[in-house]
Asker: 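Got a structure for you, written out below as structure tokens; questions coming shortly.
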Amino acid sequence: MSKGLFEIPGLSTKEQDLALLKKSKTRAKATATTKSSGGSIVNKINTLVAMVETHLGQFADETLIIQDEQTLHDYIDKCIANGIYGIDTETTGLDPLVDELVGVGIYTPGEKTTYIPVNHISYVTGQKVKNQLSADIIGKELARLEGIDCDMFNAVFDIRVLMHGTSTRLKCTWDASLASRCLNENEPVKKLKPLHKKYVLRGEDDVFSFSELFDNPKIFQKLPIRTAALYAAHDPKITWEYAEYQRNIFKTKENLKDVYWVFKNIEMLCVDAVVDLENTGVAFDLQYNEELKKKYHALLDEKEANFHKLCEMYSAEIEDYRVNPIPHTKKVKGKDVKYTITLDNPINIQSVPQLQALLYDIAKIPPTIDKKTKKESFSTSEEVLQKLKNPLADAILEYRSFSTLVSTFIDKLPECINKDDGRIHCKFNQYGADTGRFSSSDPNLQNIPSHNKDIRKMFVATPGYIMMSADYSQQEVKGMAQMCGDEGMIEAFRQGKDFYAEIASVAFGYPYEECLEFRPDGTTNPDGKARRAQAKSILLGINYGRGAASIAEQVGCTKKEAERIKDDVFRGFPAIAEFERQSFEMAETLGYVTTLWGRKRRFPSMLLPDYEFEYIESPDNLDPLDMDDVEQEVPEKVMQKYTNRLKNAWDAKKRAAIFADAKSEGIKIIDHTRDKDYTKIVNARIQGTAADMSKLAMIELNKNERLKELGFRMLIPIHDEILAECPEENAAEVIPLFAKIMSEAPGERFIVPISCDVEVTHRWYGKKYKLENGKLVEEKE
DNA sequence: CAGCTATGCGCC
DNA sequence: AAAGGGCGCATAGCTG
């Protein structure tokens with residue numbers, strides 16, 4: 001059977017198909033317009049029915065379609081008796097608050113797998129088809145599953161869909177998607193079916209795999225129930241099978257004990273918090289947004305006009321360029337490709353190539369030297385443009401400073417408002433980053449500008465509520481001190497000292513007071529400020545894996561000096577150097593590093609040798625007795641020779657020459673040194689430990705009964721900060737409790753003292769309030 | 001048309 | 001020897 005047979009635009013109801021999200025938005029419109037135009041949807045459905053019947057019809061006997069209350073009740077009984085079930089939902093789209101629940105699949109081992117149609121409609125009449133259980137009954141039955149182990153894949157989505165569709169909130173005990181991240185955050189396969197195929201079926205072909213090609217979520221609802229069931233009832237079953245596979249891995253591998261702890265006690269407990277976060281959303285001030293729109297569009301137009309006015313200085317050259325563009329070459333897949341730049345009229349200020357032509361070809365600005373490649377750079381990045389000190393470059397910078405704000409935030413955010421409650425409900429991917437951090441999307445609420453004071457003010461507290469922002473002060477540095485276990489560093493925090501000043505004091509040999517930015521009388525101390533800044537950038541540099549040159553640039557000193565400063569810090573705090581060394585060693589010997597709580601970040605390439613040597617083909621010196629397909633090993637001496645030469649050659653050209661030498665000797669050298677990225681190792685531990693801590697806080701905040709009673713709800717977690725709100729009248733009790741729970745959440749394992757600042761406002765970055773005798777009072781500036 | 005990469009930039 | 005860690009998203013421009 002050829003794959004081509006299945007390449008029919010069809011349907012997808014799979015929430016985990018994140019890649020389809022963007023598509024579905026535009027395609028939904030396309031479908032809506034073609035729907036009335038006639039036959040295409042009927043054809044599609046007929047084709048799908050036939051396809052599913054042909055390939056999945058054989059599973060009809062193993063599939064139970066539940067359309068009456070008694071059958072559902074009996075099946076739930078079986079789930080309860082078994083103590084475990086897998087569950088999966090089918091919907092009309094990817095937004096649980098907007099899209100509809102179409103059907104539910106449930107599976108419990110030893111029984112048939114099931115499909116419960118909820119909201120199928122006739123593609124002819126558009127009416128709901130008969131013999132579907134009501135949301136009430138399904139909700140009532142699902143509620144009986146409380147306390148039973150539950151497997152899901154992307155639990156947050158299914159829980160929210162079922163809340164919206166049946167008013168019953170399930171508790172997931174095993175999210176196979178999160179388990180997959182814990183077991184291997186580098187896993188490239190993200191979706192359930194391919195994961196099941198890869199690990200449970202071990203790559204064997206799977207008759208269900210064609211369903212990945214279904215790509216229109218709106219069609220599923222219109223399929224005949226039998227067709228939908230044949231397709232959908234498979235999912236809860238493979239969810240359970242894949243979860244079983246994962247449970248077995250966790251059970252049999254001793255070195256996954258800590259990761260299992262993280263999975264069960266951090267990740268799985270976070271699910272509930274994320275469900276609430278996404279359901280809650282955040283209030284948005286549309287009126288204020290309109291004001292900003294006017295203001296910023298006017299500014300943007302002004303900046304663009306200013307740019308074009310400056311371009312007029314070169315109008316003759318620009319005209320000439322349009323007729324005779326200067327040819328350029330660029331590398332495409334390693335090959336040099338010639339191209340010319342076509343200038344729009346007027347020049348498109350948003351086009352990088354057009355700006356390059358304008359600045360470097362037309363205005364003849366000498367290119368800067370790229371620090372990294374040491375070559376001429378025709379970049380139009382902010383960093384480069386600033387150095388040019390050119391009016392055109394400045395005009396572009398001014399335009400850009402507004403264009404991102406306008407397109408990504410001011411214009412985009414209001415489009416994200418949910419029509420029912422007027423709030424923005426983004427998605428939070430709780431294991432979005434490989435380090436364990438959250439990420440946010442659709443829209444991303446973790447990158448709302450903070451430098452610009454206008455944008456965040458569009459986010460407001462619910463009427464009658466106040467907004468609170470609590471942040472862990474110096475979370476990552478404290479994580480570093482904790483991981484280093486250095487008494488001196490920890491003591492600095494215990495005494496409430498300015499940490500970087502203390503580091504500078506010990507490392508550079510000055511009194512603590514001489515390393516502070518301000519003197520006791522409030523005047524600035526330039527020397528103290530510089531020392532503190534140096535210590536700070538060394539510590540941050542260690543966290544970010546920065547080299548001396550990069551630090552030197554930031555501090556404004558020579559590379560030599562930067563190296564000396566780093567040595568001073570390492571000498572003053574040997575624990576830091578030791579932590580770095582141990583982390584590298586851990587990565588090199590185990591292939592992964594761990595956080596304070598045992599989360600892993602794997603770096604498999606660290607286990608490889610720097611170089612591998614093999615003969616390209618039969619070398620002259622082959623032993624004739626050893627000919628039968630046995631790989632001839634390159635002698636140790638030869639390998640040593642090349643390894644030594646490569647050790648002293650970091651220039652790309654020199655290295656290429658060495659590889660060429662080896663090739664002429666019939667030896668192929670595989671270079672793994674490029675895959676070994678030491679810059680990520682320390683950071684993975686620090687950032688990951690901080691992420692663990694923040695998640696523990698979210699768990700505690702979310703489950704705290706008192707906070708619940710007081711109407712406290714989280715809005716946006718931003719790595720080391722949590723934005724939340726509560727009814728104004730409860731502020732006096734909530735605010736200190738908020739800070740207390742945040743500070744205590746990490747528990748005894750984290751011995752560095754933790755403190756949290758809570759800021760109280762009515763809108764994000766708005767006027768601050770403080771508590772005075774249990775009342776909120778506006779803070780004076 | 002959708003899908004991809006490159007470039008650039010917002011946040012912690 | 002040197003190396004800026006972790007995200008998501010907008011736009012341009014090319015490709016199938």
Side-chain angles (χ1 to χ4, degrees), chain A residues 9 18-23 26-27 30 185 215 330-333 337 339 341-342 344 348-356 371-374 378-385 396-397 400-409 411-412 426-429 431-452 455-456 471-472 475-476 537 540-554 559 563 601 646-652 654-655 673-674 676-688 690-691 694 716-721:
Chain A
L18 298 174
L20 291 180
L21 180 69
K22 270 122 217 151
K23 270 188 282 177
T26 49
R27 275 191 198 170
E185 74 287 352
D215 66 355
K330 63 175 172 182
K331 295 255 190 220
V332 177
K333 288 171 192 164
V337 177
Y339 72 101
I341 296 164
T342 310
D344 289 340
N348 184 345
I349 191 171
Q350 308 221 77
S351 162
V352 171
Q354 290 185 39
L355 291 183
Q356 285 172 325
K371 301 189 302 278
K372 210 170 171 183
T373 61
K374 308 274 184 208
F378 301 94
S379 166
T380 69
S381 68
E382 183 175 358
E383 191 195 349
V384 169
L385 292 190
I396 296 164
L397 284 173
R400 281 212 188 131
S401 68
F402 292 106
S403 86
T404 308
L405 297 183
V406 171
S407 60
T408 311
F409 304 107
D411 284 355
K412 192 59 196 280
C426 77
K427 293 203 307 188
F428 290 106
N429 186 351
Y431 211 142
D434 293 339
T435 51
R437 264 194 185 175
F438 266 76
S439 70
S440 157
S441 65
D442 309 295
N444 181 353
L445 295 187
Q446 289 182 324
N447 74 338
I448 307 298
S450 57
H451 180 70
N452 176 305
I455 312 288
R456 285 196 175 186
D471 74 305
Y472 281 120
Q475 191 191 34
E476 291 206 351
S537 72
L540 293 184
I542 291 161
N543 188 6
Y544 291 158
R546 292 171 86 161
S550 162
I551 290 166
E553 207 209 349
Q554 193 197 343
K559 208 181 103 183
E563 278 164 357
R601 175 75 178 100
L646 284 162
K647 225 175 248 172
N648 299 312
W650 291 97
D651 179 64
K654 279 185 190 163
R655 293 176 73 80
T673 58
R674 290 297 186 269
K676 298 188 178 186
D677 195 349
Y678 283 86
T679 63
K680 296 177 174 173
I681 292 170
V682 166
N683 180 260
R685 305 191 77 183
I686 306 291
Q687 190 186 113
S694 295
I716 309 171
I718 316 163
H719 311 305
D720 64 345
E721 174 187 356

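A note on names: the letters A, B, ... follow the listed sequences, proteins ahead of strands, and every chain is numbered from 1.
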Asker: Expressed as a whole number of angstroms, how long is the span from A:F438:CZ to B:dC11:P?
Answerer: 21 Å
Asker: Under the 3.5 angstrom rule, does the side chain of A:E476 hit a backbone N or O of A:A690 as a donor-acceptor pair?
Answerer: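 No, A:E476 side chain to A:A690 backbone: no donor-acceptor pair under 3.5 Å.
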Asker: I'd like a table of atom pairs between the protein and nucleotides 13-16 of chain C - only N or O on both sides, under 3.5 Å - with the distance next to each one.
Answerer:
unit_1, atom_1, unit_2, atom_2, d
C:dG13, OP1, A:S351, OG, 2.6

Asker: Using the side-chain heavy atoms of A:T404, tell me which of these nucleotides is nearest: C:dG6, C:dA1, B:dC9.
Answerer: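 Of C:dG6, C:dA1, B:dC9, B:dC9 is nearest to the side chain of A:T404.
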Asker: Counting any heavy atom closer than 4.0 Å, what does A:Q350 reach on the DNA or RNA strands: base, sugar-phosphate only, or nothing?
Answerer: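 Sugar-phosphate contact only - A:Q350 comes under 4.0 Å of backbone atoms but never of a base.
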Asker: Ignoring hydrogens and geometry beyond distance, is the side chain of A:R400 in donor-acceptor contact with the base of B:dC9 at under 3.5 Å?
Answerer: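 Side chain to base: no pair below 3.5 Å.
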Asker: Just compare C:dG6, B:dC11, B:dG10 and give me whichever is closest to any side-chain atom of A:H451.
Answerer: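 So the side chain of A:H451 is nearest to B:dC11.
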Asker: For A:R456, which contact category applies under a 4.0 Å heavy-atom criterion: base, sugar-phosphate, or nothing?
Answerer: sugar-phosphate
Asker: Ignoring hydrogens and geometry, is there a side-chain-to-backbone donor-acceptor pair from A:S439 to A:A433 under 3.5 Å?
Answerer: no
Asker: What does A:D434 touch in the nucleic acid at a heavy-atom separation under 4.0 angstrom: a base, only the sugar-phosphate, or nothing?
Answerer: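 If one applies the 4.0 Å heavy-atom cut-off, A:D434 turns out to touch the sugar-phosphate alone, with no base involved.
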Asker: How long is the line joining CD of A:E721 and P of C:dG6, in whole Å?
Answerer: 22 Å
Asker: Using the test salt bridge (charged side-chain N to carboxylate O under 4.0 Å, His left out), find all partners of A:R655 that sit at least two apart in sequence or belong to another chain.
Answerer: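 A:D671.
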Asker: Please work out if A:E476 contacts a base, only the sugar-phosphate, or nothing of the nucleic acid, heavy-atom cut-off 4.0 Å.
Answerer: nothing
Asker: OP1 or OP2 of C:dA10 sitting under 4.0 Å from any side-chain N/O of A:K412?
Answerer: yes
Asker: Whole angstrom is fine here: how far is it from CG in A:N543 over to P in C:dG6?
Answerer: 11 Å
Asker: Between C:dC7 and A:S441, is there an OP1 or OP2 to side-chain N/O distance shorter than 4.0 Å?
Answerer: no
Asker: Hey, could you give me the OG1/OH distance between A:T673 and A:Y678, rounded to the nearest 0.5 Å?
Answerer: 10.0 Å
Asker: Which distance, rounded to the nearest 0.5 Å, do you find between the CG of A:L397 and the OG of A:S381?
Answerer: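 Those atoms lie 9.0 Å apart.
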Asker: Measure the OH-CD1 distance between A:Y544 and A:I551 for me, rounded to the nearest 0.5 Å.
Answerer: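 Output value for this atom pair is 12.5 Å.
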Asker: For a quick test of reading the model: is some side-chain N or O of A:T408 closer than 4.0 Å to OP1 or OP2 of C:dA10?
Answerer: no
Asker: Quick check against the 3.5 Å criterion: does A:Q354 have a side-chain atom that pairs as donor or acceptor with the backbone of A:I341?
Answerer: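 Absent.
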Asker: For A:E721, enumerate each residue passing the salt bridge (charged side-chain N to carboxylate O under 4.0 Å, His left out) test, keeping only those at least two apart in sequence or located in another chain.
Answerer: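 Partners of A:E721 under the salt bridge (charged side-chain N to carboxylate O under 4.0 Å, His left out) test: none.
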Asker: Closer to the 5' end of DNA chain C via nearest nucleotide, is it A:T679 or A:N444?
Answerer: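 It is A:T679, whose closest nucleotide lies nearer the 5' terminus.
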Asker: For A:N447, check side-chain contact (heavy atoms from CB on, under 4.5 Å) against everything at least two apart and list the hits.
Answerer: A:F409, A:N444
Asker: For the base of B:dG10, is there a side-chain donor-acceptor partner from A:N447 under 3.5 Å away?
Answerer: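 Counting by modelled atom types and ignoring angles, a donor-acceptor contact under 3.5 Å is found here.
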Asker: For A:I341 and C:dA12, give me the distance from atom CD1 to atom P, rounded to whole Å.
Answerer: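 The answer, rounded to whole Å, is 15 Å.
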Asker: Can you check the distance between B:dC9 and C:dG4, where both ends of the measurement are the C1' atom (answer in whole Å)?
Answerer: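 Here B:dC9 and C:dG4 have their C1' atoms 15 Å from each other.
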Asker: Provide, to the nearest angstrom, the distance between the CD1 atom belonging to A:I542 and the C1' atom belonging to C:dG5.
Answerer: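 My rounded result for the distance is 14 Å.
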Asker: Where the side chain of A:Y544 is concerned, which of C:dG5, C:dC7, B:dG10 is the nearest nucleotide?
Answerer: C:dG5
Asker: Donor-acceptor check, side chain of A:R456 to backbone of A:P449, threshold 3.5 angstrom: yes or no?
Answerer: yes
Asker: Establish, with yes or no, whether the OP1 or OP2 oxygen of B:dG8 is under 4.0 angstrom from a side-chain nitrogen or oxygen of A:T380.
Answerer: yes
Asker: Do any side-chain nitrogens or oxygens of A:S550 fall under 4.0 Å of OP1 or OP2 in C:dA3?
Answerer: no
Asker: Which whole-number value in Å describes the distance from A:I681 CD1 to C:dA3 P?
Answerer: 17 Å
Asker: Sequence neighbours left out, what passes salt bridge (charged side-chain N to carboxylate O under 4.0 Å, His left out) with A:R685? Give chain and number order.
Answerer: none
Asker: Looking at B:dT7, I'd like to know if its phosphate oxygens (OP1 or OP2) sit under 4.0 Å from a side-chain N or O belonging to A:S381.
Answerer: no
Asker: Could you check which of C:dG4, C:dA1, C:dG5 has an atom nearest any side-chain atom of A:R546?
Answerer: C:dG4
Asker: Select base, sugar-phosphate, or nothing to describe what A:I455 touches, counting heavy atoms under 4.0 Å on all strands.
Answerer: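 Here A:I455 touches no strand at all.
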Asker: Take atom CD of A:E383 and atom P of B:dC9, then tell me their distance rounded to the nearest Å.
Answerer: 10 Å
Asker: Enter the inter-axis angle for the ends of the helix from B:dC1-C:dG16 to B:dC12-C:dG5 (five pairs per end, rounded to 10°).
Answerer: 10°
Asker: Let me know the distance between NZ of A:K680 and C1' of C:dG6, rounded to the nearest Å.
Answerer: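 Computing the A:K680:NZ to C:dG6:C1' distance gives 10 Å.
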Asker: Could you check whether A:R546 and A:Q554, counting side-chain N and O atoms only, form a donor-acceptor pair closer than 3.5 Å?
Answerer: yes
Asker: What does A:S403 touch in the nucleic acid at a heavy-atom separation under 4.0 angstrom: a base, only the sugar-phosphate, or nothing?
Answerer: nothing
